[in-house]
Amino acid sequence: MTFGIEFVPSDPVLKIAHYAKLAEQQGFDNVWITDHYNNRDVYSTLTVLAMNTNSIKLGTGVTNPYTRNAAVTASSIGSVNEISGGRAILGLGPGDKATFDAMGISWDKPLTTTKESIQAIRGFLAGEKVTQDGDMVKFGGAKMAFKTGDVPIYMGAQGPKMLELAGEVSDGVLINASHPKDFEVAVKQIAAGAKKAGRDPKEVDVAAYACFSIDKDAAKAKSAAQIVVAFIVAGSPDMVLERHGIDPAAKADIGGAIAKGDFGALMGGMVTDDMMDAFSICGTPDDCKARINELLDIGVTQIVAGSPIGPNKEKAIKLIGKEIIG
Ligand code: F42
């Protein structure tokens, strides 16, 4: 098993570098930086992290093929790979529709676009001249002018077809989920894709990209994660809520409270314990360890501590290092 940590560059980059350095010292294997146009730029952030760390792997968690052309992505991640001495990982997903609407970008054929972009990026990273006439991604003989080195490609995926594609073509998959029930389903879909492509499913690193909150005081850990869980519930497909025995009607209530900024209602009972259990790894080190062990038994191979990590990020990173990784 490996351990990753996610940072959203809504914080200044030097602050993230401080946390990433601490995470490296505490034994984390990977740091993942999210990509949204309205935060600090993912590649600038990864570059600063590369200059401030020595061994931790550095990934986009995740970028997308709509705001950045596949050749530009290959050049950017190849640069991070060179600067970091071969520590880069490319995490790529189809992106977030709401963000693209705001940017005036139409979100057509996300699965096809992801698949064809990965095909092109693999070509660029291998130093090939890429000529491609896909449905969504086309190149007329483009080639990197420097050696990027080999960079593993991970996919951000939740849906059945995306997970199957990840099994077919990716080195790993970052799944926004925290509960064994979701991974039971996901692992089967990844394995089906791997089988289709004649691969051993074990070649695919299955990462639980989880809402994570740890503290010696379970109540503090819970209150730090409640708002994140509210957003997850509001954005989850009905099928996923039903899988966890949560009434899909709760989605509209929670979405409404988020829209009104009524955090009092969210924290005061609207986000139930069942929702916390379904959509976060949360509590004392022992609580978190118990959930992690359940996930490992099902086939998860990387645990990514995602937002909020804990009520106090620095303490939480040290606690994970000492009580869970160590
Ligand atoms: N998105 C960001 O924008 N930034 C981030 O930093 C980010 C981080 C992140 C980390 C982990 C993670 O798992 C996801 C993350 N995401 C982030 C979101 C990510 O980019 C994707 O939005 C998300 O993972 C995709 O969700 P999904 O797997 O449910 O895929 C969607 C597109 C879906 O609908 N999938 C369907 C499925 O079954 O898997 C397939 C739909 C399909 O087949 N579409 C056809 C096609 O070709 O695309 C077209 C069908 C037609 O007829 O039009």
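All values below come from the heavy atoms of this structure, side chains included, with hydrogens, waters and symmetry mates left out.
Thr60 is not listed as a side-chain neighbour of Ile33, based on a closest heavy-atom distance of 4.5 Å or more. Residues His179 and Arg243 are not in side-chain contact: their nearest non-hydrogen atoms beyond the backbone lie 4.5 Å or more apart. Considering only heavy atoms from C-beta on, Phe279 comes within 4.5 Å of Val240 through its side chain. Using a 4.5 Å cut-off on side-chain heavy atoms (C-beta onward), Ile325 and Ile320 make contact. Within the 4.5 Å cutoff, no side-chain heavy atoms of Val228 are placed close to those of Ser280. Val137 is not listed as a side-chain neighbour of Pro65, based on a closest heavy-atom distance of 4.5 Å or more. Using a 4.5 Å cut-off on side-chain heavy atoms (C-beta onward), Thr34 and Pro9 make contact. Residues Asn69 and Phe139 form a side-chain contact, since some pair of their non-hydrogen atoms from C-beta on lies under 4.5 Å apart.
Between the CD1 atom in Ile317 and the CG atom in Leu22 there is a gap of 5.0 Å [rounded to 0.5 Å]. Note that CG of Leu111 and CD of Glu116 are 9.5 Å apart. Values are rounded to the nearest 0.5 Å. Atom-to-atom distance recorded for Leu163:CG and Ser170:OG is 9.5 Å, nearest 0.5 angstrom. The CG atom of Asp35 sits 8.5 Å away from atom OG1 of Thr73, with the distance rounded to the nearest 0.5 Å.
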#### Entry: Chi angles and distances behind the side chain to side chain donor-acceptor pair (under 3.5 Å) call for Thr53, Arg87
CA-CA 10 Å; Thr53 55; Arg87 290 187 279 140; 2.8 Å; yes
### Trace of the side-chain contact (heavy atoms from CB on, under 4.5 Å) decision for Phe212 with Val304
CA-CA 8 Å; Phe212 198 100; Val304 181; over 6 Å; no
### Evaluation steps, side-chain contact (heavy atoms from CB on, under 4.5 Å), between Met162 and Met155
CA-CA 8 Å; Met162 286 286 293; Met155 275 175 59; 3.7 Å; yes
### Message
His18 vs Glu314, test: side chain to side chain donor-acceptor pair (under 3.5 Å). Steps then yes/no.
### Response
CA-CA 9 Å; His18 169 73; Glu314 198 154 319; 3.1 Å; yes
#### Entry: side chain to side chain donor-acceptor pair (under 3.5 Å) evaluation trace for Asp182 with His244
CA-CA 9 Å; Asp182 297 311; His244 294 286; 2.8 Å; yes
### Message
Run the side chain to side chain donor-acceptor pair (under 3.5 Å) test on Thr148 and Asn81 for me, step by step, so that the C-alpha distance in whole Å, both residues' side-chain angles and the decisive distance to 0.1 Å come before the verdict.
### Response
CA-CA 7 Å; Thr148 61; Asn81 203 41; 5.9 Å; no
### Query
Please walk me through it: do Gln132 and Gln119 pass side-chain contact (heavy atoms from CB on, under 4.5 Å)?
CA-CA 9 Å; Gln132 191 169 315; Gln119 185 189 339; 4.0 Å; yes
### Query
Stepwise, does the side-chain contact (heavy atoms from CB on, under 4.5 Å) test hold for Ile118 with Leu92?
CA-CA 8 Å; Ile118 290 176; Leu92 185 91; 3.7 Å; yes
### Message
Test salt bridge (charged side-chain N to carboxylate O under 4.0 Å, His left out) on Asp171 and Arg122; report intermediate values, then the result.
### Response
CA-CA 11 Å; Asp171 297 297; Arg122 289 229 190 264; 3.3 Å; yes
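A chain of hydrophobic side-chain contacts below 4.5 Å, direct or via other Ile, Leu, Val, Met, Phe, Trp or Tyr residues, connects Val80 to Phe7. Leu174 is not connected to Ile309 by any chain of hydrophobic side-chain contacts under 4.5 Å among Ile, Leu, Val, Met, Phe, Trp and Tyr, and they are in different clusters. In the hydrophobic clustering of this structure, Val185 does not group with Leu296; members are Ile, Leu, Val, Met, Phe, Trp, Tyr whose side-chain heavy atoms approach within less than 4.5 Å, directly or through other members. No continuous path of hydrophobic side-chain contacts links Ile232 to Ile214 [ILVMFWY only; heavy atoms under 4.5 Å]. Hydrophobic clustering of Ile, Leu, Val, Met, Phe, Trp and Tyr side chains at less than 4.5 Å, counting indirect connections, keeps Val169 apart from Ile89.
Under 4.0 Å is where a charged nitrogen must lie from a carboxylate oxygen, and between Lys138 and Asp133 at least one such pair does. A salt bridge between Lys222 and Asp217 is absent, with no side-chain N of the basic residue lying under 4.0 Å from a carboxylate O of the acidic one. With respect to Lys57 and Asp29, no salt bridge is recorded, no charged nitrogen being found less than 4.0 Å from a carboxylate O.
Summarising the geometry of Ala166 relative to Arg199, their closest heavy-atom pair is O-NH1, 3.9 Å, with the distance given to 0.1 Å. Here the closest non-hydrogen pair linking Ala210 and Ser178 is CB-OG, 3.4 Å. For Ala234 against Ile254, the heavy-atom pair with the smallest separation is CB-CG2, 4.3 Å. The two atoms that bring Val229 and Cys211 nearest to each other are CG2-SG, 4.1 Å, heavy atoms only. Closest heavy-atom contact between Ala17 and Leu49: CA-CD2, 3.4 Å. Contact record, Thr113 with Asp108: OG1-O, 3.3 Å, taken as the closest heavy-atom pair.
When the shell of 6.0 Å around NZ of Lys289 is examined, it contains more than 12 heavy atoms from other residues, nucleotides or ligands. Under a cut-off of 6.0 angstrom, the local environment of NZ in Lys97 is sparse, with at most 12 non-hydrogen atoms contributed by other residues, nucleotides or ligands. Shown here is Lys21, whose NZ atom has no more than 12 heavy atoms of other residues, nucleotides or ligands within 6.0 Å. For Asp150, the CG atom sits in a loose shell: 12 or fewer heavy atoms of surrounding residues, nucleotides or ligands are nearer than 6.0 Å. Other residues, nucleotides and ligands contribute only 12 or fewer heavy atoms inside 6.0 Å of the NZ atom of Lys322. A 6.0 Å sphere centred on NZ of Lys313 holds more than 12 heavy atoms belonging to other residues, nucleotides or ligands.
Partner of Glu164 under the side-chain hydrogen bond (donor to acceptor under 3.5 Å, both in side chains) criterion, out of Lys188, Lys195, Lys196: Lys196 alone.
With hydrogens and angles left out, the side-chain atoms of Ser10 and Asn39 include no donor and acceptor closer than 3.5 Å.
Judged by distance alone, with hydrogens and angles left aside, the side-chain atoms of Thr301 form a donor-acceptor pair with the main-chain N or O of Val206 at under 3.5 Å. The main-chain N or O of Ala250 is never found under 3.5 Å from a side-chain atom of Asp247 such that the two would form a donor-acceptor pair. Checking side-chain atoms of Tyr209 against main-chain N and O of Gly156 turns up no donor-acceptor pair under 3.5 Å. Glu242 contributes no side-chain N or O that, together with a main-chain N or O of Pro248, makes up a donor-acceptor pair within less than 3.5 Å. Looking at Asp200, its side chain never comes within 3.5 Å of a backbone N or O of Glu203 through a donor-acceptor pair. In terms of modelled atom types and a separation under 3.5 Å, the side chain of Ser75 and the main chain of Ala71 share no donor-acceptor contact. Glu6 places no side-chain N or O within 3.5 Å of a backbone atom of Ala305 that could act as its donor or acceptor partner. The closest donor-acceptor contact from the side chain of Asp215 to the backbone of Ala218 lies at 3.5 Å or more, if one exists at all.
Below 30°, between 30° and 60°, or above 60°: for Phe100 and Tyr66 the angle between ring planes is between 30° and 60°, a tilted geometry. Classification of the Tyr154-Trp32 ring pair by plane angle, with boundaries at 30° and 60°, yields tilted.
Applying the 4.5 Å side-chain rule to ILVMFWY residues, one finds Met51 in the same cluster as Ile83. Residue Leu14 shares its hydrophobic cluster (ILVMFWY side chains chained together at separations under 4.5 Å) with Val13, Val48.
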